[in-house]
Each structure stands twice: as C-alpha cells, then as structure tokens.
**Q** 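Structure provided below as structure tokens; questions to follow.
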Amino acid sequence: KAGVTQTPRYLIKTRGQQVTLSCSPISGHRSVSWYQQTPGQGLQFLFEYFSETQRNKGNFPGRFSGRQFSNSRSEMNVSTLELGDSALYLCASSFRVEGAGEQYFGPGTRLTVT
Amino acid sequence: GENVEQHPSTLSVQEGDSAVIKCTYSDSASNYFPWYKQELGKGPQLIIDIRSNVGEKKDQRIAVTLNKTAKHFSLHITETQPEDSAVYFCAASLSGGYQKVTFGTGTKLQVIP
C-alpha cells in the first residue's frame, strides 16, 4: 500500500508570494490533517479535512487555507508569504470515521521564504 | 486548549539500556495518545499509541503507559539499539467529529554503541 505523498518536496518562494502544497493520502483514508514544523515552535496543527469538509482549525492566520477533493487529496495554500512561514509542512492521513484514528505522515514539503 | 509537555528534551543511553520519555497533558477530555519517531529528513512515524480506556500497551521493545488521573503518559524503550536514535514526539488528541492532535516538543534520543 502506498504511503502518504506530498508534492513538491522542496520549495523556495519570495516574501509576498503565495504557495500551494499538495497531499495524497493513503488509499481509503478520508481524513487529512496538516501540520507546520519549525525548530522553535515544534509541530503545530493547522487544520483537518474529512470528507471534503474542514472539521477543525488551529491557531493560524487566515492566510493559511486548505481544501479537500472528492478523492480525499488535499491542498494547502499560504498567501502573502512571510519569512516566518519557512517550515516543514507535513500532512497526515487517517482512516478514522468518528473519534481519533492512527495518523500516517508524509515526508513533508520544505518551504523556504526569502 | 490542550497543552502537552515532554521531558527530557535530549536523552543519551548506552546500547542495550532502557530509555524513558515522559509527557503530561492538560485537557482531561483527550482520549488518544500516539507516539511518533522522526528520523532526519523524514516525516514522523507512528510507533505506538494508547487510548484513554487502556492503562498500558506493549509492542516488542516498546511500551506506553497512561495515568489518566495524573494526566501523564510515558514511552519505554528496552534493549535500545543504535537505530532507535531519532527524535520522539508524544501527542494528545481530542476527537469526536473531528481530530485535533497536540504534540509535545520532542525528545532527541541518542543510543551510543
């Protein structure tokens, strides 16, 4: 069974630009969560999508948004990039229906904002 | 919101010794506690998890214990090997119609051959 895939793996953007990251979950998984990982703040929850609906959102500004498609693939968008947005962005998929389910992470997208 | 504290931040052990990592959480409604191992350049890998209706779970050399009253849980690795060297994260999850996972700050484990 293929794991979670994320594209692109590396990205360099300039301050003020916008970026879209993609995540393909494990086949059959309907929940996709996104996380930001930085050395200073650690792993922080961005949002969770389940059956194309955002179920929960972390404490990030509105510049961070996402969506999920009918095939469960998800995209995350960051607009008006700031230097502090440089981070490893991870997505995780889960088979959960209700309640907590085991999450499986992709390798992440390393975003550098200059 | 939920807050998860993890200790120690770094841990060095001799190969063959045991390693213990401890976490505390703040929200008594949290009901799922996974542990992840992250190697350099990779995403976190789920290694073991425990739900709030269970006190202990073991998988070969890895075990996790949960004390709901004290709101703390621990990861125990026995007979450590060099390949156990990595960063380990604990997490606590609130769930219902959604799942929101809060991670600890991570423990860098070094196993010395």
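Residue numbering restarts at 1 for every chain, and letters A, B, ... go by the order of the sequence lines.
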**Q** Side chain, backbone, both or neither: which part of A:R9 has an atom under 4.5 Å from a heavy atom of chain B?
**A** side chain
**Q** Quick check for you: among B:K42, B:Q45, B:Q38, which has the greatest number of heavy-atom pairs under 4.5 Å with chain A?
**A**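 If we count pairs closer than 4.5 Å to chain A, B:Q38 comes out on top.
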**Q** Between B:T105 and chain A, which part of the residue has a heavy atom less than 4.5 Å away: side chain, backbone, both or neither?
**A** neither
**Q** Select one option (side chain, backbone, both, neither) describing which atoms of B:P44 are under 4.5 Å from chain A's heavy atoms.
**A** both
**Q** Quick check on A:Q18: does its CD atom have over 12 non-hydrogen neighbours (other residues, nucleotides or ligands) under 6.0 Å away?
**A**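 More than 12 heavy atoms, drawn from other residues, nucleotides or ligands, come within 6.0 Å of this atom.
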**Q** Would you mind checking which part of A:L43 comes under 4.5 Å of any heavy atom in chain B, side chain (CB onward), backbone (N, CA, C, O), both or neither?
**A** both
**Q** For the ring-ring contact (aromatic ring centres under 6.0 Å, His included) test, which of B:F89, B:Y36, B:F103 pairs with A:Y35?
**A** B:F103
**Q** Taking atom NZ of A:K13 as the centre, does the number of heavy atoms from other residues, nucleotides or ligands within less than 6.0 Å exceed 12?
**A**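 Atom NZ in A:K13 is packed in, count exceeds 12.
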**Q** Testing the 3.5 Å rule here: is there a donor-acceptor pair between the side chains of B:D17 and B:T80?
**A** no
**Q** With chain B as the partner, which of A:P107, A:G42, A:G108 has the greatest number of non-hydrogen pairs under 4.5 Å?
**A**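 Result: the option with the highest number of such pairs is A:P107.
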**Q** Within a strict 4.5 Å, meaning less than it, do heavy atoms of the B:D84 and B:V13 side chains meet?
**A**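 A side-chain contact under 4.5 Å is absent here.
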**Q** Select one option (side chain, backbone, both, neither) describing which atoms of A:Q54 are under 4.5 Å from chain B's heavy atoms.
**A**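 Contact with chain B: none, neither part.
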**Q** Please verify the inter-ring angle class for B:F73 with B:W35; under 30° counts as parallel, over 60° as perpendicular, anything in between as tilted.
**A**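 The rings of B:F73 and B:W35 stand perpendicular, inter-plane angle above 60°.
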